[in-house]
Number of protein chains: 2
Amino acid sequence: MTSKRTKLQEDTHFRVLRLLQENPEMSQRELAEAVGVSVGGIHYVLNALIEKGLVKLGNFTAAEDKRRYAYVLTPRGIARKVALTRAFLVRKMEEYEGLKEEIESLQVELDANAEKKLS
Amino acid sequence: MTSKRTKLQEDTHFRVLRLLQENPEMSQRELAEAVGVSVGGIHYVLNALIEKGLVKLGNFTAAEDKRRYAYVLTPRGIARKVALTRAFLVRKMEEYEGLKEEIESLQVELDANAEKKLS
DNA sequence: TTGTTACCGCTCAAAGATGAACGATGTGGA
DNA sequence: TCCACATCGTTCATCTTTGAGCGGTAACAA
């Protein structure tokens, strides 16, 4: 089994690839907000994705804004994202089931407590 | 809105209180495993709970094992746990809904991709 | 032109989380 | 009895993550 940390990192990579495929002109801050990590963290994963050749820097279209980049998925980036999708989905479905069980057991607990108060 | 970190900490406190109410003789390692944080982290929250008077150290029953403690909820600890339950449940239900949406959108994406391959 | 404001990518000190290792204690077999 | 081993709570060097703040650029108003 791969480590918890590796999985979280993979999740983040996947989320970033997904968001960028949809809109390559998102800023680092927007990405950070959307995936739920810090700006520093996003900067780091973007570098990693560029390093791996999954994302390349393009020009920001609107008015050639020199401050910012467009983060464009390369063909390999697109392939990578597709490959990650299933594993990600499986992981999220497991989380979903776990959460479902936890919620149910909490509700049982609350109900039991409510009854006790009545008696 | 309280910070993300505060919420996670509150979640951990709640989980620990819940587990200890059910079984006060869990070891720090067992707790760590069950709530998904490190042993160091559990040690830290246990100290915090004891400091707040929500948990007190009791004797481990079986054969008076001097190495270990029983972590017993005080009345205030029980009250605190009840108070945290609803907030925790609400948070988990929100997470549940979020996860549900994410999973659905992923499935749509995979289906679209599958169709494209066929054509 | 000259300020003011806002946001960009990027950095790094500070804060947080981790888990291997330690001394102490219990267990079971030689 | 003695020894080897397992597990206890606890510590702390190490790694990870955070987000305020920096220098730079754009947009707008005066």
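In what follows, chains carry the letters A, B, and so on, assigned in the order in which the sequence lines appear, proteins first and then strands, with residues in each chain numbered from 1.
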How many Å lie between [atom1] on [X] and [atom2] on [N], as a whole number?
| X | N | atom1 | atom2 | value |
| --- | --- | --- | --- | --- |
| Ile42(A) | dT16(D) | CD1 | C1' | 15 Å |
| Glu30(B) | dC8(D) | CD | C1' | 11 Å |
| Leu8(B) | dT18(C) | CG | P | 11 Å |
| Arg68(B) | dG23(C) | CZ | C1' | 18 Å |
| Arg29(A) | dC22(D) | CZ | P | 13 Å |
| Lys4(A) | dT18(C) | NZ | P | 6 Å |
| Ile50(B) | dG9(D) | CD1 | P | 11 Å |
| Arg5(B) | dA14(C) | CZ | P | 16 Å |

Should [X] be listed as having a side-chain N or O under 4.0 Å from OP1 or OP2 of [N]?
| X | N | answer |
| --- | --- | --- |
| His43(B) | dT10(D) | yes |
| Gln28(A) | dC8(C) | no |
| Tyr71(B) | dG9(D) | yes |

Going by distance alone, is a donor N or O of one side chain under 3.5 Å from an acceptor N or O of the other, for Thr85(B) and Arg80(B)? no
Quick check on side chain to side chain contact (heavy atoms under 4.5 Å, CB included): which of Val16(A), Leu17(A), Leu20(A) does Tyr71(A) satisfy it with? Leu20(A)
Nucleotide nearest Ser27(A) when distance is taken to its side chain, options dG19(C), dC8(C), dG9(D): dC8(C)
Using every non-hydrogen atom in the two residues, find where Met26(B) and Glu30(B) come nearest and quote the distance to one decimal. CA-OE1, 3.3 Å
Closest approach of Gln28(B) to Ile42(B) (non-hydrogen atoms, all atoms of both residues): O-CG2, 3.8 Å
Give one of base, sugar-phosphate or nothing for Tyr44(B), where a contact means two heavy atoms less than 4.0 Å apart. nothing
